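Remember, it's a predicted structure, so these values are computed and weren't measured experimentally. Side chains included, hydrogens not; waters and symmetry mates left out as well; all remaining heavy atoms used.
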Amino acid sequence: MKILPWTGDSIFPALCNTLLAWRKSAPDTRDLPWRDEPTPYHVWISEIMLQQTRAAVVRSYYLRFLEALPSVRALAAVDDDALMKLWQGLGYYSRARNLKRAAQAIVTEHGGDLPRDFDELLALPGIGRYTASAIASFAYGQPRPAVDGNFLRIAARITANSIDIAKDTSKRALEAALAPSYPTGRDAGLLNEAFMDLGATVCLPNGVPLCHACPAAQLCLAHDRGTEQDYPVKTALKARRKERRTVLLLSCGEKIAIRKRPARGLLAGLWEYPNLEGKLSQRAVRALLESEGFDVRDIVPLPSARHIFSHIEWELTGWAVTVADTNEPPLMAAEDRTDAPASLLWVRRAELADTYSIPTAFGYFTPQ
DNA sequence: AAAGCGTGGTA
DNA sequence: TTACCAAGCTT
């Protein structure tokens with residue numbers, strides 16, 4: 001990949017000095033537990049959780065995760081369903097699977113400790129340039145800018161640069177332009193924290209930045225021109241496609257039917273209630289289930305729901321169905337599946353909540 | 001290079 | 001309601 005220069009990068013040495021001083025000048029009041037004891041393992045887990053996810057949401061997940069899996073070796077040996085349960089509701093579930101795969105690689109290839117070398121970090125599944133830089137700086141004091149959305153927004157405004165920050169090349173250009181200004185030791189991590197804190201509390205996205213509170217306002221080209229709102233420039237995402245689905249809450253006595261989703265794709269490997277494409281009527285649901293061999297006793301509508309993924313929007317219709325027994329041929333197993341058919345698993349309600357990870361998209365229908 | 005991959009907060 | 005988008009990575 002050809003790395004182009006970042007126009008306006010002559011400001012960066014002064015910007016880095018200013019932000020580092022700013023970070024050191026005030027006490028850290030953000031109460032982020034991963035800053036308490038920044039071991040390589042702690043930094044790694046927190047940074048994976050923080051990918052595209054707000055710190056306020058991550059906080060409780062992080063504390064619970066570390067309590068359950070306090071070490072690389074514990075993570076490498078964790079049961080898959082237990083791992084997904086710890087991740088339930090956090091989203092981007094491949095992050096959790098990659099964590100375990102990486103932990104196993106760290107045990108077998110690095111003696112159980114995260115590598116210090118940047119390229120070795122980068123080679124681990126789930127660790128890209130941002131996360132490798134965060135670990136290298138926070139845990140090992142290496143001079144690596146951890147360029148994320150905050151950095152791109154701040155840099156675009158400071159330099160009044162109309163570069164499209166959605167492009168991979170923009171991120172690489174900024175990283176290369178900032179690297180020469182980076183200190184080593186504790187300051188490397190503090191400077192990265194400074195960029196993140198500034199982006200989270202002052203140089204805000206979508207809306208008005210709080211320039212009166214910005215330590216770098218004097219350096220900021222966009223602020224000088226009054227054009228803060230013009231930056232950053234970012235190409236719009238593709239529109240979400242809309243889908244209708246019908247979810248069946250099948251119960252038989254104390255048990256409820258769930259099934260495992262395919263190993264690849266959306267919500268891969270998580271558990272779901274049986275569901276079908278389209279908005280099915282009560283009559284259609286009854287006909288379908290009876291054709292599958294169920295003795296249907298009752299069908300009651302559930303409140304409809306809408307679930308927004310990053311790239312899909314689901315309009316969900318729910319039916320609570322009571323059946324007389326759980327002995328049936330595989331139900332709806334092949335419907336829109338390309339891998340091995342998943343058959344229904346009948347579980348008690350308490351067991352469902354304790355053991356099986358149901359993503360938020362299906363959680364609307366979870367019985368009390 | 002662009003699309004797939006979750007969820008929740010905010011304006 | 002809609003749109004944006006957050007401490008991104010993988011393919």
Within the 4.5 Å heavy-atom criterion, are [X] and [Y] side-chain neighbours or not?
X: A/Trp314; Y: A/Leu266; answer: yes
X: A/Leu250; Y: A/Trp346; answer: yes
X: A/Arg59; Y: A/Pro33; answer: yes

What integer number of Å spans the P atoms of B/dA3 and C/dC4?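 Nearest-Å result for B/dA3 against C/dC4 at atom P: 16 Å.
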Using the P atom on both, measure C/dA7 against B/dG4 and round to a whole Å.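 To the nearest whole Å, 24 Å.
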A/His311 side chain near B/dC5 phosphate (N/O to OP1/OP2, under 4.0 Å):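 So the side chain of A/His311 is within the cut-off, an N or O lying under 4.0 Å from OP1 or OP2 of B/dC5.
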Does anything in residues 117-145 of chain A form a salt bridge (charged side-chain N to carboxylate O under 4.0 Å, His left out)? List the pairs, not counting sequence neighbours.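 Checked against salt bridge (charged side-chain N to carboxylate O under 4.0 Å, His left out) - neighbours excluded - the pairs reaching residues 117-145 of chain A are A/Arg129-A/Glu175.
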For A/Phe151, report the nucleic acid contact type (base, sugar-phosphate, nothing); a contact means any heavy atom under 4.0 Å.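 No contact at all - A/Phe151 keeps every heavy atom at 4.0 Å or more from the nucleic acid.
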Residues, nucleotides or ligands: over 12 heavy atoms within 6.0 Å of A/Arg30 CZ: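 Enclosed.
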Counting only heavy atoms not in A/Gln218, do more than 12 sit closer than 6.0 Å to its CD atom?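 Incorrect, the count does not exceed 12.
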Which listed nucleotide (B/dA1, B/dT7, B/dG4) is nearest to the side chain of A/Thr360?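 Shortest atom-to-atom distance from the side chain points to B/dT7.
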Starting at the 5' end of nucleotides 4-11 of chain C, put B wherever the base has a protein heavy atom under 4.0 Å, S where only the sugar-phosphate does, and a dash everywhere else. BBBBBSS-
Between P of B/dG9 and CG of A/Leu90, the distance in whole Å: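 Spelled out: CG on A/Leu90 to P on B/dG9 is 13 Å.
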